[in-house]
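In the text below, chain A, chain B and the rest are named by the order of the sequence lines, each starting its count at 1. Note that the coordinates shown come from a computational prediction; the quantities given were computed from them, not determined experimentally.
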Amino acid sequence: MIGKSLITPLARRLVQVASLVGLNSSFGGGQVKWLCVPVMNCHSCALAWFACPIGVFVHYAGYRVFPFLALGTLLLVGVLLGRFLCGWVCPMGFLQDLLYKIPGRKIALPGWTKNIKYVLLAVTVMLLPFLFGGETLWSYCRVCPVSALQSTIPNWISGGGGALPLRTIVKLAVLAAVLLLVVISRRGFCRVLCPIGAALAPLNHLSFWRVKPVDGCIACKQCNTACPTQCEPAPRMIATMPPSHAAECVICHDCRTACPVLRRK
Amino acid sequence: MSRTRAILRSVLFSAALAFLAAGALRTHKVYDEHSDFGVRVFDRVSEVQLVEYATFSGVYVHGGLLIRQEWATRLEGKQPCPT
């Protein structure tokens with residue numbers, strides 16, 4: 001656990017900006033694409049330094065080879081940090097934080113929608129690539145909105161534009177739908193569609209890094225309002241349990257930032 | 001509960017390290033795309049190299065074998081993953 005001095009919304013924003021630039025700054029080559037970093041950052045981006053574990057899982061399922069290195073990295077990060085990278089490092093998380101600031105109607109998604117990401121992980125990242133090969137049209141990568149943003153659109157522009165095949169149109173339509181979703185629902189992609197989030201979520205309960213509960217919680221529930229992923233930290237705060245044990249928590253520490261007890265200290 | 005959590009955490013942490021060690025030590029037979037007189041030549045590549053190939057579809061599966069695209073070993077031949 002870390003004291004509140006380093007954990008501020010400004011620090012998180014700075015880390016998100018630095019991560020976005022840092023993860024995609026391979027201008028002179030020298031990439032380390034054997035290393036999977038468990039955030040949504042497409043390795044097909046010409047400037048990406050690292051591999052996306054989901055892309056590697058899809059291809060390894062197609063190869064029918066067990067992804068020791070990718071899974072080991074994902075597990076290690078999950079056990080050490082839980083979903084900390086989702087809240088602080090993931091470029092898609094940063095984009096969602098920014099897009100949610102667009103004013104307009106906002107909605108709370110039904111609770112059952114959070115289970116969709118587990119189905120996507122099992123079916124489109126593992127099962128269908130295993131059955132039909134890594135290049136199958138039914139893999140997650142084929143409709144991944146991050147891949148569309150970082151790879152499909154830049155490649156289309158650098159290729160001089162021109163007619164789009166149907167599969168690309170479908171991918172762009174998914175991207176448009178996801179962008180709309182995250183404008184109206186806070187961290188909607190993380191909660192509903194992110195396969196890395198699905199892989200890391202169960203590890204939140206065990207991870208070494210956790211959000212410290214507040215001593216002397218007054219049950220005002222302002223943390224519930226502040227939580228970007230609607231994981232309702234208040235009951236855990238009241239019970240002096242780390243709120244980051246919730247599977248949906250992205251360990252942003254916004255619950256502690258919103259806490260009036262901590263502000264008074 | 002916290003004891004169960006600590007045990008589970010230790011098990012998963014150990015599993016992660018074991019997976020990483022297995023990945024670091026493991027090699028894969030990767031065959032050339034073209035065969036001479038029906039005989040395919042293969043290389044043994046590390047897991048690290050196979051992960052790299054996976055990021056740009058440098059390897060595909062044919063007849064249960066991992067086949068390396070002809071351009072995969074040329075740096076300039078690397079291209080964005082078609083998915």
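Only the side chain of Y60(A) comes within contact range of chain B, with heavy atoms under 4.5 Å apart. With a threshold of 4.5 angstrom between heavy atoms, T168(A) does not approach chain B through any atom at all. Interface residue L50(B): backbone and side-chain heavy atoms are both found under 4.5 Å from chain A. When heavy atoms are compared at a cutoff of 4.5 Å, L20(B) approaches chain A by way of both its backbone and its side chain. Interface remark: L74(A) contributes no atoms to any contact with chain B (heavy atom separation under 4.5 Å). For a residue to count as touching a neighbouring chain, one of its non-hydrogen atoms must lie under 4.5 Å from one of that chain's; by this rule A24(B) touches chain A with the backbone only. Contacts of L137(A) with chain B are absent, with no heavy-atom separation under 4.5 Å from either backbone or side chain.
Remark: R68(B) engages D32(B) in a salt bridge, criterion side-chain N to carboxylate O under 4.0 Å. In summary, K29(B) and D43(B) do not engage in a salt bridge, as defined by a charged side-chain N under 4.0 Å from a carboxylate O. A salt bridge is defined here as a Lys NZ or Arg NE, NH1 or NH2 lying under 4.0 Å from an Asp or Glu carboxylate O, and E52(B) with K33(A) fails to meet this definition.
Of the residues considered (L69(A), V79(A), L76(A), V77(A)), L69(A) shows the highest number of contacts with chain B, using heavy-atom pairs under 4.5 Å.
The side-chain contact (heavy atoms from CB on, under 4.5 Å) search around L120(A) returns I116(A), T124(A), Y140(A), L193(A), not counting sequence neighbours. The side-chain contact (heavy atoms from CB on, under 4.5 Å) test applied to R64(A) returns F130(A), not counting sequence neighbours.
Checking W88(A) against S19(A) by side-chain atom types alone, no donor-acceptor pair falls below 3.5 Å.
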